Colleague: 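What follows is a structure written as structure tokens; I'll ask about it next.
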Amino acid sequence: MQPTYSVEVQDITRRFGQFVAVDHISFQVEDGEIFGFLGANGAGKTTTIRMLCGLLLPTSGQARVEGFDIYTQTHEIKQVIGYMSQKFSLYDDLTVAENLAFYGGIYGLGRAELDKAVQNAMSTIDLSPYMNKLTRDMPVGWKQRLALTCAILHKPRILFLDEPTGGVDPISRREFWNLIYDLADGGTTVFVTTHYMDEAEYCNRLSIMHNGRIIALGSPQALKNEYQKNTIEDVFIHLVKKQIE
Amino acid sequence: MNSRIWTILRKETIHIRRDPRSLVIVFLMPIMMILLYGYAITFDIKEIRLGILDQDRTPASHELVHDLTSSNYFIVSGYLQARDEIAEAFLKRRMLAVLVIPPGFSADMGTKAVTEVQVLVDGSNANTATVALNYIKSFFVARSLQMNAEILRSPVNLQPRVWYNPDLKSAHFIVPGLVAVIMMMICALLTSVTVARERESGTMEQILVSPVRSIEIIIGKTLPYVLLALVDAIVVVVFAQMVFGVPFRGDPLWLLGFSLIYVYACLCFGIFISARVATQQIAMMSAMLATMLPSILLSGFIFPILSMPKILQLLSYIVPARYYLVIIRGIMLKGIGPVHLWMPALFLAVFGTLLLMISIRRFKTNLEG
């Protein structure tokens, strides 16, 4: 059976002045998979995600998200995607409940829908001990879980995670990935960027980015086989070295 | 109401409630400004330092000096002995004016048609000099009339009466204007940082990936401040009235209604700035610069618009304080109502709405500059 694609990118480029942040890349993300973007800082991961989320326009190339064109249908795209960045983008002076109400509200969820969505999310992420605490008083790991909850209240078909585990301790990171697996099991496509090699191993498929270009794409196992390495880290170092030469 | 506007509005309200700094801006700053400006800006000049060079030294000359300085406009800061001391007194700023009574003053007064007295004024501060000169002139006009009246009747008798501010107290003129200037600054400051703050903290990015439209963001961020600014306007007016005793002849409810329109226009001005700049600092600086100077200089707050060069007169049409000044002075001092004030009010409403619409149009729901 022909797979259906959540994201289709064709030859997309984005320049900032003279600087080429994303350089003619093409890839597809299948429905329901966990698709990873591995690369160093400045490789173009964030720029790519921002283009797919309708935050930036490409300089050239074509792309569709859930079938919607990223030039002309950004409003439609925004209704079906979830987005969470490294900054977590929570309001520190609001309580957990108020943050949830706000992010649910801007997706147009009514009170009843919101309560249901929060209850739903609580089955995997139990925020109840913090509900009425100010967000600024929460540990980082909990802020991260709250940010994720805020991003999925409206049940997005695809979730974009831009370095979601930056600055979080290893145990919280591991738990966070369990949540990502739960989401994927529930049918949500997950598009995640990272520069942690161990996280790259968790993805169904992985693309390695360097200087705005995709230099390898495939499942972690396939990549390791192809380059005859034991870990993704070795694959990554091998590829980047080759690029520099 | 649209549920997304409501969501944003509620969140902004929580921000305001939990941020003590914004409450300081809203309530403490205006009160300090009222006190500072209210006392500092005054045209009522008192206790002008007057030097006396009495070369006559007769009872008549003593009487003249006594009469001139019995009002509290002048205080005698010293008696000079010779003309060449005058320059030094001015240079050391010991005296602002010197009255010279020539020898033979009392002798001439009975015999000659005209008796001469000289006054020298330090003109380096033109404003004070003019006021001092006017006081002295009117003193001598009154005195001459008094002396003449014994001899002949003056053919035309002017009976001056000043309406609305009979004592020409400058506080009555300044303080209502001060309300206009302060409200403009505070309102613009309040909204100017709301968008920039979220740009800095990164939450704006999170809002922009949602299907929220720019109109919902802009309106949701402006509305919560309207109530706050209106309460602020009441505080400022009541406080100014208590401290400076400015009369309030009109209907307070009408003033409240018109103030609502004014704060709306000012808040829209702030959001207009906010929608365009990247950082809170730039937003605050721009809000201060763009509101304070025009509101003070080009609104008619102190300097009459009609005596400005044509180009500045034209510029003053886009200064919202200009219109509110007409409204608040009209209601407080003259006791007039909407019949006479609908024009400036209409302008303010149009001005605010126009800025709001431009802000919505210019506000991008992505991160492209």
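These numbers come from a predicted model, not from an experiment.
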Colleague: What pairs with B/R213 under side chain to side chain donor-acceptor pair (under 3.5 Å), at least two apart in sequence or on another chain?
Modeller: A/H75

Colleague: Is the shortest heavy-atom distance from the side chain of A/L56 to the side chain of B/N366 under 4.5 Å?
Modeller: no

Colleague: Which region of A/F160, side chain (C-beta onward) or backbone (N, CA, C, O), has a non-hydrogen atom less than 4.5 Å from a non-hydrogen atom of chain B, or is it both or neither?
Modeller: neither

Colleague: Determine, step by step, whether B/H15 and A/Y91 satisfy the side chain to side chain contact (heavy atoms under 4.5 Å, CB included) criterion, reporting the C-alpha distance in whole Å, the side-chain angles of both residues, the deciding distance to 0.1 Å, and the verdict.
Modeller: CA-CA 9 Å; B/H15 286 321; A/Y91 295 96; 3.5 Å; yes

Colleague: Please check if atom OH in B/Y317 has more than 12 non-hydrogen atoms from other residues, nucleotides or ligands closer than 6.0 Å.
Modeller: no

Colleague: Do other residues, nucleotides or ligands put more than 12 heavy atoms under 6.0 Å from the CD atom of A/Q10?
Modeller: no

Colleague: So among A/T74, A/I106, A/L55, which one has a side-chain contact (heavy atoms from CB on, under 4.5 Å) with B/V209?
Modeller: A/L55

Colleague: Rounded to the nearest 0.5 Å, how far apart are CG of A/L57 and CG of B/L367?
Modeller: 10.5 Å

Colleague: Out of curiosity, B/R10 CZ to A/F102 CZ, how far, rounded to the nearest 0.5 Å?
Modeller: 10.5 Å

Colleague: Please name the pair of heavy atoms, one in B/K11 and one in A/L94, separated by the smallest distance, quoted to 0.1 Å.
Modeller: CG-CD2, 3.6 Å

Colleague: Go through it in stages, so that I can follow the logic: the residues are B/L208 and A/Y83, the test is side chain to side chain contact (heavy atoms under 4.5 Å, CB included), and I'd like the CA-CA distance, side-chain angles, deciding distance and then a yes or no.
Modeller: CA-CA 10 Å; B/L208 294 182; A/Y83 172 83; over 6 Å; no

Colleague: Which answer fits B/I207, side chain, backbone, both or neither, if we ask what part of it has an atom under 4.5 Å from a heavy atom of chain A?
Modeller: both

Colleague: Quick one: are A/Y107 and B/R4 in side-chain contact, heavy atoms under 4.5 Å?
Modeller: no

Colleague: With a 4.5 angstrom heavy-atom cut-off, is it the side chain or the backbone of B/E198 that approaches chain A, or both, or neither?
Modeller: side chain

Colleague: Atom CD in B/E205, atom NZ in A/K87: separation rounded to 0.5 Å?
Modeller: 4.5 Å

Colleague: Is the count of non-hydrogen atoms from other residues, nucleotides or ligands lying under 6.0 Å from B/M33 atom CE greater than 12?
Modeller: yes

Colleague: Can you establish whether the number of heavy atoms outside B/R197 located under 6.0 Å from its atom CZ is more than 12?
Modeller: yes

Colleague: Does B/W254 have more than 12 heavy atoms from other residues, nucleotides or ligands lying within 6.0 Å of its CH2?
Modeller: no

Colleague: Quick check on A/Q79 against chain B: is it the side chain, the backbone, both or neither that has a heavy atom closer than 4.5 Å?
Modeller: both

Colleague: Counting only non-hydrogen atoms closer than 4.5 Å, does A/L90 touch chain B with its backbone (N, CA, C, O), its side chain (CB onward), both, or neither?
Modeller: backbone

Colleague: Is the CD1 atom of B/I215 crowded by more than 12 outside heavy atoms at less than 6.0 Å?
Modeller: no

Colleague: When you measure from the side chain of A/S89 to the backbone N and O of B/G202, does any donor-acceptor pair fall under 3.5 Å?
Modeller: yes

Colleague: Could you pull out the closest heavy-atom pair between B/S3 and A/G108, with the gap in Å?
Modeller: OG-CA, 4.1 Å

Colleague: Which atoms form the tightest heavy-atom contact between B/R18 and A/L134, and what is the distance?
Modeller: NH1-CD2, 3.7 Å

Colleague: Give a yes or no on whether B/M32 atom CE has more than 12 heavy-atom contacts from other residues, nucleotides or ligands under 6.0 Å away.
Modeller: no

